[in-house]
Each structure stands twice: as structure tokens, then as C-alpha cells.
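Since the structure comes first, as C-alpha cells, the remarks are kept for the end.
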Amino acid sequence: MMIKVAAVQMRSGVDPVKNAADMSRLVRDAAARGATYVQTPEMTGMLQRDRKAAREVLRGEADDIIVATARGLAAELGIFLHVGSTAIARDDGKIANRSFLFAPDGRLISTYDKIHMFDVDLDNGESWRESSAYEPGGVSKVVELPFAKLGMSICYDLRFPQLFRAQAVAGATILTVPASFTRQTGEAHWEILLRARAIENGAFLIAAAQAGVHEDGRETYGNSLIIDPWGKILARGGDAGEEVLVADLDLDSVVITRKKVPNLKNAREFVLEDVAGPDADRGAGGVAV
């Protein structure tokens with residue numbers, strides 16, 4: 001079975017209205033090129049480091065312009081539209097980093113709230129504390145679509161392979177990692193981690209990314225990727241801004257790849273034993289403790 005998919009690379013700014021218009025233009029391009037599944041990046045709706053300013057324009061799911069625009073586009077274009085994520089004001093006053101997956105009739109199929117928060121201290125003083133603004137999710141999602149089972153994740157989730165293994169064991173044949181990777185971490189780890197997640201799970205992987213220097217001063221890595229189950233890159237974006245990547249996925253190749261290297265079936269439960277070495281601290285009786 002073949003399906004044409006697209007990864008929409010963006011350079012979202014601080015204005016959700018403009019970002020919604022940019023998303024609409026790029027998604028229309030993807031659909032015009034034949035894509036029936038289209039993915040946008042993490043934080044499609046807004047990248048804004050000033051949290052006070054961000055909160056002033058945040059809306060709940062029912063009133064969010066990105067959600068409304070995506071719903072209309074999916075229905076108009078007859079596509080599965082996956083908003084990689086956008087910031088959503090929750091009823092409890094907290095913020096969710098939330099993905100949305102819409103059906104070709106505009107119906108909302110699933111949402112996913114990012115589980116792993118990007119709390120890091122990088123070189124050159126770059127520091128991020130996503131958990132100070134966002135409430136993490138706690139539920140991984142595998143969505144059954146007419147053409148495949150699709151696993152949902154967001155950006156920093158990429159560094160937690162157990163999430164993707166659980167999705168693959170549950171039947172996911174397409175993994176997704178919409179992202180807003182920093183340039184520093186992207187240059188070091190983006191491609192190798194994405195290809196590893198595809199290879200170790202024998203699955204396609206689609207990763208739409210933010211790219212370039214944004215209005216709020218941050219710089220994201222771009223290099224959106226579509227990868228096959230053997231780790232081959234089918235499409236790659238650049239690092240400077242907007243692009244639409246399109247690729248044909250032969251879904252039968254998932255079965256073929258998993259037969260070649262059946263590591264999902266070969267996995268075994270095991271016990272981890274922590275063995276004290278010769279230099280371990282010892283108690284008075286000379287027994288390692």
C-alpha cells in the first residue's frame with residue numbers, strides 16, 4: 001500500500017494569526033502536490049520567549065485559531081492534517097503543548113500532550129525550562145488510520161526510545177516527531193536520533209521542524225526529515241525557513257523490514273543486576289556494600 005505524505009517546515013513567529021495564514025498556505029501546497037497526510041511542526045501557532053506576551057494571546061482549544069484553521073483545511077482539502085503542536089490554555093490555568101490530528105472530514109481524531117519537558121542547560125549559556133510554563137502529558141497515543149497505525153510524539157520525546165518502542169509494539173508503523181529543535185542540539189543529535197528511532201522500530205518516521213531565526217530571537221535547526229524503516233532518508237529540508245517535503249511511503253516495506261530484522265519479536269524480558277566492582281566502598285567487615 002502506498003501513501004503520499006508531507007512534512008511542512010515553518011518559521012513560526014509571535015503572531016498566531018500570521019502563523020495560521022502561513023500554515024494554511026503551506027498545507028495547501030502539500031495537498032496540491034498530492035499529500036493525503038500532512039504534518040506541521042511543534043509550536044505551529046507561536047514561538048514566543050516572552051511568557052507574559054504569550055499568555056495574552058493564548059486561547060483554549062475551542063477558541064484557538066490554529067485548531068480552527070486546521071479543522072477547516074482538513075475538511076476542505078480532504079486530508080489527514082496533523083498539527084505538530086500548538087500552545088493551548090487549559091481550563092485549570094496551565095498550558096499544554098498539544099498536537100491535533102484531524103480527519104479528511106474535519107473531525108478531530110486525537111490530541112496528544114507532550115510528555116517529556118525540555119529542561120536543559122546547554123553550552124554557551126543556552127538554557128530552557130519548558131516545565132516552568134507547560135503541564136506535561138502522561139498518555140502516549142497510537143492512532144489507527146485507514147492506511148496505518150500512527151504514533152504521536154513531540155520534539156524532546158525523541159530522546160526517550162521506550163516511548164517509540166511501546167508504540168511500535170502496539171502496532172504503529174508510522175512514527176511522528178514534529179519538533180522545534182535548537183540549532184545546537186540539532187546539529188549534534190537530530191538526524192542520528194530520528195534514524196535510530198526508525199531503524200530500531202522498523203517504522204517510517206515523519207518529523208516536521210521549525211527552521212531558522214525567529215522573531216523572538218531563538219534559532220531552530222530545521223532539517224525536517226521523512227525516513228523509511230531501514231533508516232533511509234526519503235526527504236530532507238534545509239535549515240533556513242519554510243519548505244514542503246513530500247514522499248511516497250510503501251507501507252508494505254514495514255512488514256518486509258520487520259521480517260528481515262525481527263527485533264520487536266526477539267526482545268526478551270531481563271533482570272538487571274548491579275554488581276559491585278573491586279574498588280567499591282567496603283564496610284568494616286570487608287563486605288561490599
Side-chain angles (χ1 to χ4, degrees), residues 3 5-10 30 35 37-44 82-85 97 99 101 112 114-118 120 122 128 130 140-143 148-170 172-212 219-240 243-251 253-254 257-258 261 263-264:
I3 179 173
V5 304
V8 169
Q9 185 164 287
M10 296 180 65
Y37 164 90
V38 181
Q39 180 191 122
T40 71
E42 179 185 27
M43 288 297 157
T44 290
H82 181 179
V83 176
S85 87
N97 187 345
S99 293
L101 180 58
Y112 165 71
K114 186 177 183 179
I115 292 173
H116 299 98
M117 298 288 97
F118 190 53
V120 301
L122 304 175
W128 300 92
E130 190 174 19
S140 179
K141 296 287 185 76
V142 172
V143 184
K149 280 192 174 183
L150 180 142
M152 302 179 75
S153 80
I154 301 172
C155 200
Y156 191 52
D157 286 333
L158 175 61
R159 294 182 182 271
F160 300 87
Q162 65 273 24
L163 177 70
F164 300 90
R165 175 50 56 96
Q167 292 179 348
V169 169
T173 54
I174 298 176
L175 305 174
T176 63
V177 191
S180 180
F181 248 60
T182 68
R183 172 163 290 280
Q184 186 176 169
T185 58
E187 289 176 344
H189 302 142
W190 171 247
E191 179 183 324
I192 195 168
L193 287 176
L194 287 171
R195 294 180 73 188
R197 296 296 89 85
I199 292 166
E200 66 199 9
N201 294 297
F204 284 100
L205 193 147
I206 305 169
Q210 295 280 356
E219 185 175 7
T220 53
Y221 182 59
N223 285 271
S224 299
L225 289 169
I226 302 175
I227 304 168
D228 81 1
W230 199 245
K232 178 183 177 182
I233 295 174
L234 302 178
R236 180 200 294 273
D239 62 0
E243 288 188 55
V244 175
L245 285 66
V246 175
D248 293 311
L249 309 188
D250 179 359
L251 296 173
S253 67
V254 174
T257 300
R258 289 178 176 178
V261 184
N263 61 320
L264 296 179

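It should be emphasised that the depicted structure is a prediction, and the values quoted were computed from it without experimental measurement.
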- Contact summary for G186 and Y221, nearest pair of heavy atoms: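 Minimum heavy-atom contact is O-CE2, 3.4 Å.
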
Side chain [X], main chain [Y], donor-acceptor under 3.5 Å:
| X | Y | result |
| --- | --- | --- |
| E42 | S180 | yes |
| T44 | P41 | yes |
| Q9 | G237 | no |
| D239 | N223 | no |

- Message: Quick check on side-chain contact (heavy atoms from CB on, under 4.5 Å): which of T173, V142, I174 does Q167 satisfy it with?
- Response: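 So the option named by the test is V142.
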
- Message: Show, in sequence, the C-alpha distance, side-chain angles and deciding distance for S153 and L175, and conclude whether the side-chain contact (heavy atoms from CB on, under 4.5 Å) test is met.
- Response: CA-CA 8 Å; S153 80; L175 305 174; over 6 Å; no

- Item | Y156 side chain to N97 side chain, donor-acceptor N/O pair below 3.5 angstrom |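 No pair is found: no donor N or O on one side chain lies under 3.5 Å from an acceptor on the other.
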
- Item | Donor-acceptor pair between Q210 and T220 side chains, under 3.5 angstrom |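 Side chains of Q210 and T220: no pair found under 3.5 Å.
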
Nearest-0.5 Å distance, [atom1] of residue [X] to [atom2] of residue [Y]:
| X | Y | atom1 | atom2 | result |
| --- | --- | --- | --- | --- |
| I233 | E191 | CD1 | CD | 4.0 Å |
| R197 | L163 | CZ | CG | 10.0 Å |
| Y37 | L101 | OH | CG | 6.5 Å |
| T176 | L150 | OG1 | CG | 5.0 Å |
| L158 | L205 | CG | CG | 7.5 Å |
| N201 | R258 | CG | CZ | 7.0 Å |

- Item | side-chain contact (heavy atoms from CB on, under 4.5 Å) assessment of E187 paired with T182 | CA-CA 8 Å; E187 289 176 344; T182 68; over 6 Å; no

- Message: Taking the ring centre of each residue, are F164 and F160 less than 6.0 Å apart?
- Response: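 They do not qualify: ring centres at least 6.0 Å apart.
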
